[in-house]
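What follows is a short report on a single structure.
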Amino acid sequence: MQIVLYRFMKILLFVLSILIYSISFAQDSLYSKALLSMEQQKWFEAEYLLRKAIENGEDKLKCSYELAWTHYSNKEFDKAIEVLTPFLKEDVPSDVYQLLGNAYDEKGNSYKAVDIYQEGLRKYPKAGNLFLEMGNIKYKEGNYRQALYWYEKGIEAEPMFASNYYRAAKVFLMSTEMVWGVLYGEIFMILESETERSKEFSKHLFESYKECIFIDKNKVSVNFNNDVIVYSDSFERKNLFPQVFDNLMQQALKGKTFLNIANLTQARKKFISLLYSENKDFDNPLFKYQKTLIDNGLFEAYNYYLFAYGNTKESSTWINAHKTQWNKLIKHLENNKIELSEQNCFTRYNME
């Protein structure tokens with residue numbers, strides 16, 4: 001009798017384990033199917049699957065966040081707010097504050113959006129995504145100075161978060177201080193590769209260099225900026241680095257008669273050599289990263305990666321002719337991220 005009971009218990013435990021596994025798999029499958037539906041922009045289908053996943057005991061916060069995202073993507077902002085608001089009483093990540101604030105902003109209630117972002121920042125003072133959204137609010141108001149304040153604060157708080165570099169760079173490329181636009185933009189492209197934004201910025205970077213470098217026969221002049229830095233609090237004072245950047249770039253371009261990726265690569269390489277021999281005080285994580293690429297024989301390939309969408313014909317010709325160098329660069333970029341931290345970050349305030 002005991003043997004029969006023992007065998008029965010083993011069979012029962014086995015059946016229960018299979019049942020538990022099946023339920024777990026079904027739950028994961030519902031969530032995965034919902035994400036797939038979202039990728040295909042099938043918002044109502046995704047909503048149905050996420051609600052079923054929650055009913056079946058799937059992670060409530062995870063599913064609810066995606067549910068709110070389906071509402072947000074379908075411009076159902078009130079529904080997104082309704083889903084997310086109860087979670088503010090719990091320990092939730094900064095993404096929840098970001099999406100909830102964005103929903104209020106899209107409704108036209110930017111004041112409430114700011115309240116939500118600031119509530120999130122009190123809980124997560126290093127959350128780059130919340131600094132980003134504070135900057136975006138100011139940007140939409142046309143207050144670019146205050147937008148930069150928040151973007152650059154976000155860079156200082158979370159230096160590996162790419163979007164604040166992207167937004168700050170876009171503001172500066174519309175200004176008279178384009179030097180900061182090309183430098184922030186390059187860091188953005190190191191942090192975020194092969195996205196639509198990085199492809200867009202590849203083109204912006206090359207066009208910005210062409211806009212600020214003037215070559216007439218053998219005469220070269222460079223102007224990436226005015227010589228006064230304007231702080232977000234309206235305090236102005238002399239800024240030394242932009243003039244150094246212009247002067248060194250002008251020296252590096254000496255002898256060039258036109259500007260393409262090949263000539264710009266040579267000039268940028270010469271720029272780093274001149275900087276480290278004459279102006280070491282302006283050493284920073286970006287220039288250090290460039291120097292490492294030069295030392296590893298990867299700087300030429302890196303520049304074709306950086307400016308690829310600025311001159312697609314020239315870049316594709318070079319890449320096709322230098323497959324080995326290109327593949328080495330891609331591997332290097334994957335395994336050697338730029339070293340950025342709160343103690344070792346790049347902002348214009350560190351370059352004075």
Side-chain angles (χ1 to χ4, degrees), residues 162 165-166 169-170 172-174 178-224 245-246 248-276 285-338:
Y165 296 97
Y166 172 78
K170 292 195 77 171
F172 275 118
L173 290 183
M174 298 187 299
M178 291 179 69
V179 59
W180 305 117
V182 296
L183 297 179
Y184 281 141
E186 185 167 344
I187 294 175
F188 161 71
M189 287 196 60
I190 295 169
L191 293 174
E192 182 177 305
S193 61
E194 294 307 312
T195 65
E196 289 305 312
R197 293 198 308 179
S198 65
K199 293 173 184 177
E200 166 210 340
F201 225 93
S202 172
K203 185 177 181 180
H204 286 335
L205 277 181
F206 188 64
E207 288 176 346
S208 297
Y209 273 95
K210 289 184 70 176
E211 182 180 340
C212 297
I213 294 170
F214 310 92
I215 301 178
D216 182 16
K217 296 182 181 178
N218 291 326
K219 184 180 180 182
V220 178
S221 60
V222 176
N223 183 16
F224 279 82
F245 183 89
D246 280 358
L248 293 184
M249 188 59 72
Q250 188 162 322
Q251 290 181 55
L253 285 159
K254 190 175 181 180
K256 304 299 182 189
T257 57
F258 64 96
L259 197 68
N260 60 2
I261 297 178
N263 285 340
L264 184 54
T265 297
Q266 293 170 13
R268 279 163 47 86
K269 184 176 180 180
K270 180 68 173 176
F271 172 92
I272 292 297
S273 175
L274 291 169
L275 181 93
Y276 279 96
L286 175 59
F287 294 156
K288 194 179 267 90
Y289 189 77
Q290 293 178 1
K291 191 173 185 302
T292 300
L293 289 166
I294 292 169
D295 293 343
N296 285 293
L298 296 170
F299 193 65
E300 185 178 17
Y302 168 72
N303 279 267
Y304 279 98
Y305 156 78
L306 200 64
F307 302 117
Y309 290 89
N311 189 331
T312 54
K313 184 177 180 180
E314 183 186 358
S315 59
S316 60
T317 299
W318 187 93
I319 292 167
N320 288 332
H322 300 83
K323 291 284 183 152
T324 301
Q325 282 179 260
W326 182 255
N327 291 333
K328 281 180 65 178
L329 171 73
I330 299 305
K331 186 175 181 180
H332 181 89
L333 293 177
E334 289 173 353
N335 299 322
N336 299 274
K337 290 293 183 184
I338 188 170

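The figures here come from the full heavy-atom set of this structure, side chains too, leaving out hydrogens, waters and symmetry mates.
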Can you name the closest pair of heavy atoms from Tyr165 and Tyr184 and give their distance? CB-O, 3.6 Å

Between Glu300 and Thr265, what is the shortest heavy-atom contact and its length?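 That would be CA-CG2, 3.8 Å.
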
Once side-chain contact (heavy atoms from CB on, under 4.5 Å) is applied, do any residues pair with [X], and if so which ones, sequence neighbours excluded?
X      : answer
Lys270 : Ala252, Leu274
Ser208 : Leu173, Met178, Val182
Leu259 : Lys210, Ile213, Ile215, Leu253, Leu264

Review item, side-chain donor-acceptor pairs of residues 305-312, under 3.5 Å, at least two apart:
residue	atom	partner	partner atom	Å
Tyr305	OH	Met189	O	2.8
Asn311	OD1	Glu314	N	3.1
Asn311	ND2	Glu314	OE1	3.2

[atom2] on [Y] to [atom1] on [X], rounded to 0.5 Å:
X      : Y      : atom1 : atom2 : result
Lys323 : Asn320 : NZ    : CG    : 5.0 Å
Gln251 : Leu275 : CD    : CG    : 11.0 Å
Leu293 : Phe299 : CG    : CZ    : 7.0 Å
Ile190 : Leu286 : CD1   : CG    : 5.5 Å
Leu329 : Leu333 : CG    : CG    : 4.0 Å
Ile261 : Thr317 : CD1   : OG1   : 10.0 Å

Sequence-distant partners of Tyr304, ring-ring contact (aromatic ring centres under 6.0 Å, His included), two or more places apart: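 If we apply the ring-ring contact (aromatic ring centres under 6.0 Å, His included) test to Tyr304, skipping adjacent residues, the hits are Trp318.
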
Non-neighbouring partners of [X] that pass side-chain hydrogen bond (donor to acceptor under 3.5 Å, both in side chains), sequence neighbours left out:
X      : answer
Asn336 : His332
Gln290 : Glu186
Lys256 : Gln266
Tyr289 : none

List the steps, then state whether side chain to side chain contact (heavy atoms under 4.5 Å, CB included) holds for Arg268 with Asn303. CA-CA 9 Å; Arg268 279 163 47 86; Asn303 279 267; 2.6 Å; yes

Would you say [X] and [Y] make side-chain contact, with heavy atoms under 4.5 Å?
X      : Y      : result
Phe287 : Leu183 : yes
Glu334 : Ile330 : yes
Val222 : Phe214 : no

Centroid-centroid under 6.0 Å between Phe271 and Phe245 rings: yes

Donor-acceptor pair, side chain of Asp246 and main chain of Phe224, under 3.5 angstrom: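 Here the side-chain-to-backbone pair exists.
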
Kindly state each residue pair satisfying salt bridge (charged side-chain N to carboxylate O under 4.0 Å, His left out) with at least one member in residues 287-299, sequence neighbours excluded. Asp283-Lys288, Lys291-Asp295

I'd like a table of donor-acceptor pairs (distance under 3.5 Å, sequence neighbours excluded) in which one partner is a side-chain atom from residues 193-201, with atom names and distances.
residue	atom	partner	partner atom	Å
Thr195	OG1	Glu192	OE2	2.7
Thr195	OG1	Arg197	N	3.4
Thr195	OG1	Ser198	N	3.1
Thr195	OG1	Ser198	OG	3.4
Arg197	NE	Glu192	OE2	3.2
Arg197	NH1	Ser163	OG	3.3
Arg197	NH2	Ser163	OG	2.9
Arg197	NH2	Glu192	OE1	2.7
Ser198	OG	Glu194	N	3.1
Ser198	OG	Thr195	N	2.9
Ser198	OG	Thr195	O	2.9
Glu200	OE1	Tyr166	OH	2.8
Glu200	OE2	Tyr166	OH	3.3
Glu200	OE2	Lys170	NZ	3.4
Glu200	OE2	His204	NE2	3.1

